[in-house]
Amino acid sequence: MKVYFDNAATTPVAPEVVEAMHSVLTENFGNPSSIHAHGRQTRSLIEMSRKKVADLLSTSPSEIFFTSGGTEADNTTLRSAVEGLGVKRIITSKIEHHAVLHTAQYLAKLHGIQLDFVKTDQQGHIVMDSLETLLRSSDDKTLVSLMHANNEIGNLSDLEAIGTLSHEYGALFHSDMVQTLGHYRHDLSSLPVDFAAGSAHKFHGPKGVGFLYINHQNQIPPLIHGGAQERNMRSGTENVPGIMGMTRALELAHEDMEGHRQHILGLKKLMIEELKAKIPGVSFNGASGDLDKSLYTVLNVCIAPSSANEMLLFNLDIKGISISGGSACSSGTNVGSHVLAELDRDPKSGAIRFSFSRYNTNEEVSFAVEKLTEITAVHA
Ligand SMILES: Cc1ncc(COP(=O)(O)O)c(C=O)c1O
């Protein structure tokens with residue numbers, strides 16, 4: 001049996017998405033910037049996609065800009081806020097995805113902006129008092145960048161509370177929503193969020209395509225210059241099959257979101273029960289064991305210190321189970337997680353992230369727990 005439990009890294013592409021992309025690849029090759037019939041036809045597909053994405057997220061098409069993925073959407077926001085909106089300070093957390101963290105660090109070096117880190121508690125939740133203290137401490141134009149859900153430990157942040165507080169102090173609010181778009185319903189028009197990043201391959205769409213939401217009250221300069229596509233916000237000939245695939249994937253996600261959630265939550269509950277029953281001393285990193293405070297797709301398991309831990313991912317891989325130890329987004333090897341490093345945990349304990357999708361089954365959960373039990377028992 002081969003089991004894929006690394007859906008926070010990327011999800012399998014839905015067959016309906018492949019179908020939608022195939023028809024564009026074979027039938028709609030015109031350059032959307034061309035004014036002839038072939039071009040106009042492709043252009044209309046892009047604009048229909050933009051309208052669909054905007055409708056699903058309760059926002060306006062003029063606020064959606066297609067990008068090459070979450071990383072580009074995050075980079076555009078941070079860099080353009082500094083270079084175009086006069087942002088002099090970024091408040092973020094040490095457990096952000098590197099698409100935000102490394103960009104903020106780069107901008108601090110390049111432009112000398114101030115970089116402040118909000119405290120996170122022992123479960124990885126944002127400490128709101130710390131955010132308020134930081135916001136109050138300076139009058140410099142500030143961008144707050146905090147993710148909606150952490151890709152490693154699944155913590156969910158309260159976007160409403162963070163955005164409201166940021167705005168009270170005149171700060172802009174950006175959220176990397178890559179792990180929750182397509183998994184939760186969002187009404188972007190009523191959320192106090194200025195910028196948000198989404199990525200298709202996290203919700204059964206293709207890789208290399210995503211979008212940036214920019215609330216209509218904000219205008220930023222582009223990151224990528226050229227042919228003025230995406231209303232001059234993102235130059236480069238559009239990834240039309242990718243955009244069509246992403247739109248179909250988002251549509252499918254919304255068609256039966258509650259059904260998918262119930263199914264995946266069932267898998268996560270089963271895994272928690274089976275792990276507790278079979279692996280002595282097992283616990284869960286961050287808030288991922290708390291079903292109310294974490295992504296239903298992510299379970300980050302902490303295995304008691306043992307010699308088995310060094311080769312855990314390798315041994316599970318050999319037994320047919322693909323999982324991740326930290327963030328697979330940033331590297332092929334497990335170099336140690338900057339997120340887990342912020343939590344109060346025994347560094348000798350093992351950490352493995354199971355992340356589920358609607359295509360996983362109860363049998364796969366039981367199989368993975370059985371194999372993990374075998375591996376840890378040999379070294380006990
Ligand atoms: C939270 C988060 N942000 C950003 C990204 C980067 O998105 P992309 O792969 O579309 O560039 C990822 C994963 O890859 C992620 O999990």
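All figures in this text were calculated on a predicted structure; none of them were measured in a lab. First listed ligand is number 1; within each ligand, the first listed atom is number 1.
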Inset, instruction - Specify whether H38 and F29 have parallel, tilted or perpendicular ring planes, treating 30° as the upper limit for parallel and 60° as the lower limit for perpendicular. - result: tilted
Just distances here: any N/O of [X] and N/O of ligand 1 closer than 3.5 Å?
{"X": "D74", "answer": "no"}
{"X": "S68", "answer": "no"}
{"X": "M147", "answer": "no"}

Inset, instruction - Report yes or no: does a heavy atom of H201 sit under 4.0 Å from some atom of ligand 1? - result: yes
Legend entry - Whether K207 lies under 4.0 Å from ligand 1, heavy atom: no
Inset, instruction - Classify the side-chain pair S294/K268 by whether it contains a donor and acceptor separated by less than 3.5 Å. - result: yes
Inset, instruction - Verify whether one side chain among Y4 and D6 offers a donor that lies under 3.5 Å from an acceptor in the other. - result: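 No donor-acceptor contact under 3.5 Å links the two side chains.
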Legend entry - Close-contact set for ligand 1 against S199 heavy atoms, below 4.0 Å: 8 (P), 10 (O)
Legend entry - Contacting atoms of ligand 1, where contact means under 4.0 angstrom from a heavy atom of G69: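 Those atoms are 10 (O).
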Legend entry - Which residues share a salt bridge (Lys or Arg N to Asp or Glu O under 4.0 Å) with E132, sequence neighbours left out: R136
Legend entry - Closest approach of S349 to C302 (non-hydrogen atoms, all atoms of both residues):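 Taking S349 first and C302 second, the nearest heavy atoms are OG-SG, 3.6 Å.
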Inset, instruction - Considering only NZ, NE, NH1 and NH2 on the basic side and carboxylate oxygens on the acidic side, decide whether E370 and K278 come within less than 4.0 Å. - result: no
Legend entry - Note: E273-K276 ion pair, threshold 4.0 Å (strictly below): no
Which of the listed options, [options], holds the heavy atom that is closest to [atom]?
{"atom": "atom 3 (N) of ligand 1", "options": "T71, D176, N151", "answer": "D176"}
{"atom": "atom 13 (C) of ligand 1", "options": "M177, H98, K202", "answer": "K202"}
{"atom": "atom 15 (C) of ligand 1", "options": "H148, H97, E152", "answer": "H97"}

